[in-house]
> 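Have a look at the structure that comes next, please.
Numbers restart at 1 for each chain; the letters A, B, ... are given by sequence-line order, proteins then strands.
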Amino acid sequence: MVNFREIEKKWQRKWEESKVFKVDEENKTKFYNLEMFPYPSSSGLHMGHVRNYAIGDSYARFKRMNGFNVLYPMGYDAFGLPAENAAIKNKTHPKEYTEKAISGIMDHQKEIGLSYDWSRLVNTSSKEYYKWNQWFFLKFLENGLAYRKKAPINWCPKCQTVLANEQVINGKCWRCESKVGIKDLEQWFLKITKYADELLESIETLEGWPERIKLMQKNWIGKSLGTLVNFKMMDSDYEIPVFTTRPDTLHGVTFLVYAPEHTKVMELVKNTKYEKDVQEFINKVVLEEKFTRTAEGKEKEGMFIGKYALNPLTGDAVPIYIANFVLLDYGTGAIMAVPAHDQRDFEFARKYDIPIKVVIKPKDKELKAEEMKNAFVEEGILVNSGKFDGMDNKTAIQEISKFVEKKGWGKITTQYKLRDWLISRQRYWGTPIPVVYCDKCGVVPVDEKELPILLPEDVKFTGEGNPLLSNEGFLKAKCGKCGGKARRETDTMDTFFDSSWYFLRYCSPDYEKGPFDREKVSYWMPVDQYIGGAEHAVLHLLYARFFTKVLRDLKMLDFDEPFINLFNQGTVTKEGNKMSKSYGNVVSQDEIAEKYGIDTARVFLLSIANPGSDYDWSDEGIEGSFRFINKIYSLLDNLDGEENKIIDSRLNRVIKSVTEHVESLELNLAIIELMGFVNYLSKAEGAKKEAVKNLALMLNPFAPHLAEEIWEKLGNKGFASVADWPKYSSNKINYELEYSENLIEIASNDIKRLLKLVKIEPKKVTLFVAEKWKYDFMKKAKDAISTTRDVKDVMRKVMDKEHAAEISKIIPKLIKDNSKIPNVILDQDREYDIFVNAKNQLQKEFGLNFEIKKDDSKAFPGKPTLLIE
RNA sequence: GUGGAGGUAGCAAAGCCUGGUCAAAUGCGCAGGACUUAAGAUCCUGUCGGUUAGUCCGUUCGCAGGUUCAAAUCCUGUCCUCCACACCA
C-alpha cells in the first residue's frame, strides 16, 4: 500500500521550494485562469470546495503543460458581514477572525495541491488593497459616476444595513434570507444605469459565457421600448407621466395608478377628505414594512384618491388610484391601467368595480367586457379606438405612439429595470468611504494624498448600529475645502466593490503607484477562463463588467469585457442540500483526504459528473477512484515487454481524446478515458514504459501528486507539472489493429477447436454462398472496408437501392468485425460448378467429408456455412 | 406566468450537435469465480430477455406519432422533473 499522505506532502513541499508555479510576464502566450475568490469563513473546506478548486486547478495545469504562460492566482474576499457577525458572537475582532480563517483556508488549499502562484495573494481587507477601493471611489465621484441621494431603499433588519437591488432575492436578503423592508435613507450610489445599454449590448460579444447567465443579465437590465404618455389632471395643469409598452391600448385606459409611496400622492390629496385614508393606506403598505417586493400570493390592494386625469386621446376623465402592485422605482412610478388587456389591471378593476373597456378584439370574434374572465392580451384588431379602428394592434403600437409624439402628449422612450448600484453599508468590516461632511461645505471628498482612510481597529461591537460610530478619533475630521471641522462618513462600501476589480490586482499585487500596473494588466487581461458559481449571475459578474467599462472610459484599461470565457461549476450536495454547517451535512476535506488521499478525492470529484452539473454526495463511489489510483501505482511493477503497436495505437488514441475532453472542460470524460486506458494497460502484454510515462503526464491535472511520483519513479527529471503535454500522432492510431487484437483470441479458439476436431494443419476457411446481389455487394464491401472504416463512406461505395435495407444493416457489422467477411465468396448463380469445385478442393485439402449449406438464415453474414461432419 | 435545463439500463452518469462501428462508455451496486483456514482487501468474469463454442435473435434510451434504407440521436405533439426570474406596466 502506498503512503499517499507522505507523497502528497513531499510534492507540495517540492513545488513550494522550487516555486514552479510562480509566473512572470514572458514572451509566451498568456492564459489567465481564474476562480472566483472565496469569502474566508472559518468553517473549513468541504467536498464542494475541493471540487471547485480541483476544476480550476486541472485546467490551469493543462494549459501550463500545453505551453501557455498561466496566471493562476488566489486571494480572499476578506471584508464583509459574516466576519463582523462572528466577531460579535465570539467576541473576537473581525480582523483576527478573518486572518485566522484565511490561514485555515490556505492550508487546506495547499493540501489539495493547487498550483497557484502564491506570491500574488490578494487580501481585500488589507490597507494596500482597500486604499485603491477608496481611490476608485474618488475617481467615480470626479466623473459623476458616484452620487449621494435620499431614496427608498432595501433594508435588511437582521444585517442592519441597506442592500443593493441585486442583493434582494425574492424579497429576501441574499445573505441571511431575512425579509427585506423599505427605508428612506440618504445613500451612495454608483451610476451603473449610465452603462445599462452597453452592458446589455455587449452581452452578445460574450461568446464564451453560458446562455443562461447572459439571459439572466439581459432580464436584469430589462430594457423595454415604450412610450411615455402624459395625462393631464382634470383640475390643474399638472401632468402625470406614465410609461407603457402598449400604446395600442391607450383608448382603453379606465384609470391611473400611482405607487402608494410616490411623493406626488400626498401632494395631490393634501387638504382633501382622502388625505387621512391615503396616509393610513401608505402606512399600512409601506412604513409597517408589510410591503415587500414580491408578487407571491399577494392580494392586489388600493384605493381611489379623489382625483381625475384626462385621457389625451379620448378626453375621457379617468380616476386616479394608488395600489400596492405598482412599483415606485420602475418607469415613472405611475401607470395607466387598461383592465381589458392587462391581467393585473383586470383583477384590480374587478375588485374595485372600475369599468373595463375593450379596445382590441380577436381577429375572428367579438369580445364583450362583461363576459371576460381574464384580460385579453393576445394580438388582435383595434376597436373603440377612433381613427385607429380596424388596425392590427402591432401596427397600432407604432402608429399611436407616433401620433402621441406628434401631438406633444408624450414621447417614445426606453426603460430599464436596472437601478443604480447602492454601495453604502452601515457596517464596520468594509472599506471606509473616503468623504467627510463639513457643516459649511457639505459633502467633501477626501484628498487622494490622504488615502488610505484606515479602518480603525479600536471599535466596540455591541450588535446595534455601526461600530464605527464608537470611535471618536475616526469620526473627527478636517474639511478638505475650508479646513473646518467635519464629520467622517461612517458607511463602508459594499464588498462587491472590492470584488469588482480584484482580478486586475492579481496582475501586479504589490504595485504601489496605482491600483495596478497598466503594462502588466495589458499583458494578462482579460481573464481567459473564469470559473465560479451561477449565483453571481447578476451580482459580481455584472458589477465587474461595469467597472471594466468605467475604467476603460477613464483610459485605464483598453478592453471592454473582463472575462472572455465563463464556466459555472455545479454544487456538491448531500441529501439534496448544499453542504453547509447549518444543515450538518458537511463531508470535510480533512476526513476524505485522511482516508483516501487528496488525489483520490480530486479524481473522484472530477470523474463523478460533468463539472457543470450538481452532484449529490455518496460515500460509496469514492472507493472506485481509490482503486483506480492504486491500480495506476501497480502498473509500475510491470513495465517491460516487447514493442507493441497496439498499445501504441491505444495510447495515441487516448491522448487525442483526453486532450480534447480537458480542453472543453469535460474533465469527467477525460478521467473515464484514462480509467479505460489503465484497465487496458494492466492487462496488456508488451512494453508499457512509454504509455505509463504519458499516462503520468495526462494524470497531472487530476492527480498531480501521483503524477509527479510516477514521473520520478520512471526516472524523469524535473516536474511532471511543468512538462510538455503529450502529443499524439494520428498515423499511429490504428483501429483495425486494435480491433484485431480482440479477435485473435476468438479466432485462435476457433481454430484450436477445429483442429482438435479434425486433426489438421491450421488453415482458416470460411465459405459464403449468396445470391447474386449479395455476392456483388460482398466483393465491393470487402474492397471498401479495406480502404476506410467510415460507415458513410462504405455505404456510399456499395449502396444498391434495391437492397438498401439489408445493406444498411450489414455494413456496420462488417466494419465492426471485418474478420467475419468470408474469405471465399461464392456466387449462387454459378452454384453448381463452384460448389462442386469447392467441395472437391476442400475435401482434398482437409481430407474430410463436409457439406456446403446455403445461407438461409436471415442474419448476414451469419454463421459460416462450413459444416464439418 | 416568463425564460432556461433535463428525463438513457438497479443507481450515478456518457452518448444526442455531426443518424449507422450502440444492448449503449465509465463508476457504484449486485452475482459468480480466483486467492485466503475464514472475513476483508485485491484480481477476474458476468450483470435487459432468450440463445451459442464464437454467436445470433427479440425487446429497450419519459410517452405518442413522423422523417429515413437506418433513430437514444433529426422533426412534431404530449407528460413529468429541476432551476432561474417573477405584479417591470
Side-chain angles (χ1 to χ4, degrees), chain A residues 1 169-171 210-213 215-216 218-220 222-224 226 242-246 249 257 293-296 298 300 323-327 329-332 334-338 341-345 347-348 415-418 534-535 537-538 604 607-610 612-616 618-625 627-628 630-631 634 661 666 668-669 671-676 679 682-683 735 739 743 745-747 749-750 752-754 785 789-792 794-795 799-818 820 857-859 862-864:
Chain A
M1 192 65 126
I169 294 157
N170 286 332
E211 279 311 312
R212 162 174 100 92
I213 301 291
L215 208 84
M216 281 166 79
K218 275 186 206 166
N219 291 342
W220 188 259
K223 181 179 182 173
S224 50
V242 300
F243 175 76
T244 180
T245 53
R246 293 293 306 275
T249 62
V257 193
R293 309 204 162 195
T294 160
E296 224 173 340
K298 194 146 125 191
K300 288 180 177 45
N324 63 353
F325 71 96
V326 177
L327 301 173
D329 55 9
Y330 183 75
T332 63
I335 61 154
M336 59 177 230
V338 186
H341 307 293
D342 181 287
Q343 188 58 27
R344 294 156 298 176
D345 300 348
E347 284 167 27
F348 192 80
Q415 281 292 330
Y416 297 92
K417 272 162 68 176
L418 184 69
E535 66 273 18
V538 290
F604 177 63
S607 69
I608 197 65
N610 180 298
S613 37
D614 293 347
Y615 169 69
D616 199 61
S618 115
D619 289 328
E620 284 173 333
I622 194 165
E623 300 276 353
S625 299
R627 279 195 273 270
F628 170 61
N630 279 298
K631 209 169 198 177
S634 61
H661 284 314
E666 295 161 340
N668 54 329
L669 301 183
I671 292 175
I672 282 164
E673 190 72 43
L674 289 174
M675 283 179 172
N679 281 340
S682 71
K683 283 172 216 165
Y735 289 94
Y739 199 84
L743 297 175
E745 208 187 316
I746 297 168
N749 279 345
D750 280 357
K752 276 181 211 154
R753 217 186 152 75
L754 206 68
I785 290 167
R789 292 183 62 82
D790 185 272
V791 176
K792 270 188 217 155
V794 176
M795 210 68 108
M799 190 43 93
D800 160 8
K801 276 203 180 130
E802 216 179 308
H803 303 97
E806 285 141 299
I807 289 176
S808 67
K809 217 172 162 188
I810 298 162
I811 290 286
K813 286 181 184 167
L814 283 182
I815 289 170
K816 186 178 171 187
D817 184 0
N818 64 4
K820 272 188 235 150
S857 69
K858 271 180 283 168
K863 295 180 183 180

> With C1' as the reference atom in both, quote the distance from B/A72 to B/G6 in angstrom, rounded to an integer.
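15 Å, rounded to whole Å.
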> Between B/A12, B/C85, B/C28, which nucleotide gets closest to the side-chain atoms of A/Tyr615?
B/A12
> Kindly confirm or rule out a cation-pi arrangement of A/Lys300 over A/Phe325, judged by NZ or CZ under 6.0 Å from the six-membered ring centre and within 45° of its axis?
yes
> Measure from the side-chain heavy atoms of A/Leu327 and tell me the nearest of B/C44, B/G29, B/A89.
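Among B/C44, B/G29, B/A89, the one nearest the side chain of A/Leu327 is B/A89.
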> Given that both distances must come in under 3.5 Å, which nucleotide forms a Watson-Crick or G-U wobble pair with B/A84?
B/U2
> What nucleotide, of B/C87, B/A89, B/G4, holds the atom closest to the side chain of A/Asn324?
B/C87
> Would you indicate which nucleotide in B/A14, B/U26, B/C28 comes nearest to any side-chain atom of A/Ile672?
B/U26
> For B/A9, which nucleotide is its Watson-Crick or G-U wobble mate, given both distances must be under 3.5 Å?
none
> Which heavy atom in A/Met336 sits nearest to a heavy atom in A/Thr249, and how many Å separate them?
CE-OG1, 3.8 Å
> Go through B/A86, B/C83, B/A13 for me and flag the one nearest to the A/Ala609 side chain.
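When the side chain of A/Ala609 is considered, B/A13 is the closest of B/A86, B/C83, B/A13.
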> Would you give the length of the straight line joining atom CG of A/Asn668 to atom CD of A/Glu673, rounded to the nearest 0.5 angstrom?
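These two atoms lie 11.5 Å from each other.
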> Write down the atom of A/Val538, the atom of A/Met216, and the distance for their closest heavy-atom approach.
CG1-O, 3.6 Å
> Side chain of A/Leu669: nearest nucleotide among B/C83, B/A14, B/A89?
B/A14
> Taking atom C1' in both B/C79 and B/A70, what distance in whole Å separates the two?
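Comparing C1' positions in B/C79 and B/A70 gives a spacing of 28 Å.
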> Using the test side-chain hydrogen bond (donor to acceptor under 3.5 Å, both in side chains), find all partners of A/Ser224 that sit at least two apart in sequence or belong to another chain.
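A/Ser224: side-chain hydrogen bond (donor to acceptor under 3.5 Å, both in side chains) contacts with A/Tyr330.
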> Does a nitrogen or oxygen in the side chain of A/Ser613 sit under 4.0 Å from OP1 or OP2 of B/A13?
no
> Can you see if the side chain of A/Lys683 gets near the phosphate of B/U45 - specifically, an N or O under 4.0 Å from OP1 or OP2?
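For B/U45, OP1/OP2 do have a side-chain N/O of A/Lys683 under 4.0 Å.
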> Taking only side-chain nitrogens and oxygens of A/Tyr330, does any of them come within less than 4.0 Å of OP1 or OP2 of B/A89?
yes
> Can you tell me how far CD of A/Glu211 sits from NZ of A/Lys218, rounded to the nearest 0.5 angstrom?
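Rounded to the nearest 0.5 Å, the NZ-CD separation comes to 6.5 Å.
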> To the nearest angstrom, how far is A/His661 atom NE2 from B/A13 atom P?
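My rounded result for the distance is 18 Å.
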> Calculate the interatomic distance between A/Glu535 atom CD and B/C85 atom P; express it in whole Å.
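Interatomic distance, CD of A/Glu535 to P of B/C85: 11 Å.
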> Starting at CZ of A/Phe325 and ending at C1' of B/C87, how long is that distance when rounded to a whole Å?
8 Å
> With rounding to the closest Å, how many angstrom separate the C1' atoms on B/A84 and B/A13?
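So the two C1' atoms sit 24 Å from each other.
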> How many Å lie between CD on A/Glu623 and P on B/G40, as a whole number?
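That distance rounds to 13 Å.
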> Taking atom C1' in both B/C35 and B/U26, compute the distance separating them and give it to the nearest angstrom.
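After rounding to an integer number of Å, I get 27 Å for this pair.
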> Is there a donor-acceptor contact under 3.5 Å from the side chain of A/Asn219 to the main chain of A/Gly222?
no
> Protein within reach of the bases, or only the backbone? For nucleotides 6-11 of chain B, mark each nucleotide 5' to 3' as B, S or -, using heavy atoms under 4.0 Å.
------
> Provide, to the nearest angstrom, the distance between the NZ atom belonging to A/Lys417 and the C1' atom belonging to B/A89.
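Going from NZ in A/Lys417 over to C1' in B/A89 covers 12 Å.
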> Please determine if a side-chain N or O atom of A/Asn679 lies less than 4.0 Å away from the OP1 or OP2 oxygen of B/G27.
yes
> Assign each of A/Ile622 and A/Thr244 to its nearest nucleotide of RNA chain B by heavy atoms, then name whichever residue's nucleotide is nearer the 5' end.
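Of the two residues, A/Ile622 wins.
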> Per the atom types in the model, does the base of B/C87 pair as donor or acceptor with the side chain of A/Lys300 at under 3.5 Å?
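Side chain to base: pair found, below 3.5 Å.
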> When rounded to the nearest Å, what value does the distance between P atoms of B/G66 and B/A71 take?
12 Å
> Once you apply a heavy-atom cut-off of 4.0 Å, does A/Ile608 come out as touching a base, just sugar-phosphate, or nothing?
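A/Ile608: backbone/sugar contact only, no base atoms under 4.0 Å.
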> Look at all strands and tell whether A/Ser634 reaches a base, only sugar-phosphate, or nothing, counting heavy atoms closer than 4.0 Å.
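No contact at all - A/Ser634 keeps every heavy atom at 4.0 Å or more from the nucleic acid.
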> Looking at B/U60, which nucleotide sits across from it as a Watson-Crick or G-U wobble partner, both distances under 3.5 angstrom, or is there none?
none
> Report the base-pairing partner of B/U42 (Watson-Crick or G-U wobble, both distances below 3.5 angstrom), or none.
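Paired with B/U42, as far as the under-3.5 Å criterion goes, is B/A34.
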> If we call it a pair only when both distances are under 3.5 Å in a Watson-Crick or G-U wobble match, what pairs with B/A25?
none
> Of the non-hydrogen atoms in A/Asp345 and A/Ala337, which two are nearest, and what is the gap between them?
OD2-CA, 3.2 Å
> What integer number of Å spans the C1' atoms of B/G7 and B/A64?
16 Å
> A/Lys218 NZ to B/G4 C1': how many Å, rounded?
12 Å
> Using the P atoms only, state how far B/C56 lies from B/U73, rounded to an integer number of Å.
24 Å
> With the side chain counted from C-beta on, respond yes when A/Trp220 and A/Tyr416 share a heavy-atom pair under 4.5 Å apart, and no when they do not.
no
> Could you please name the option among B/G27, B/G15, B/C83 that lies closest to any side-chain atom of A/Met675?
B/G27
> Contact class for A/Asp616 (heavy atom, under 4.0 Å): base, sugar-phosphate, or nothing?
nothing
> In sequence, state the C-alpha distance, the side-chain angles, and the governing distance for A/Lys631 and A/Asn679, and then conclude on side-chain hydrogen bond (donor to acceptor under 3.5 Å, both in side chains).
CA-CA 8 Å; A/Lys631 209 169 198 177; A/Asn679 281 340; 2.5 Å; yes
> Rounded to the nearest Å, what distance is computed from the CG atom of residue A/Asn610 to the C1' atom of nucleotide B/G27?
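Whole-Å distance recorded here is 15 Å.
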> What is the distance, rounded to the nearest whole Å, between atom CD of A/Glu211 and atom C1' of B/C85?
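After rounding, the gap between these two atoms is 17 Å.
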> For the atom pair CG (A/Leu674) and CG (A/Leu669), what is the distance rounded to the nearest 0.5 Å?
11.0 Å
> Between B/A25, B/A84, B/G4, spot the one nearest the side chain of A/Leu215, thanks.
B/G4
> Would you say a side-chain N or O of A/Arg627 is under 4.0 Å from OP1 or OP2 of B/A41?
no
> B/U67 and B/G19: how far apart are their C1' atoms, nearest whole angstrom?
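Going atom to atom, C1' in each nucleotide, I get 12 Å.
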> Starting at the 5' end of RNA chain B and moving along, which residue's nearest nucleotide shows up first, A/Gly624 or A/Thr245?
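Per heavy-atom nearest nucleotide, the more 5' residue is A/Gly624.
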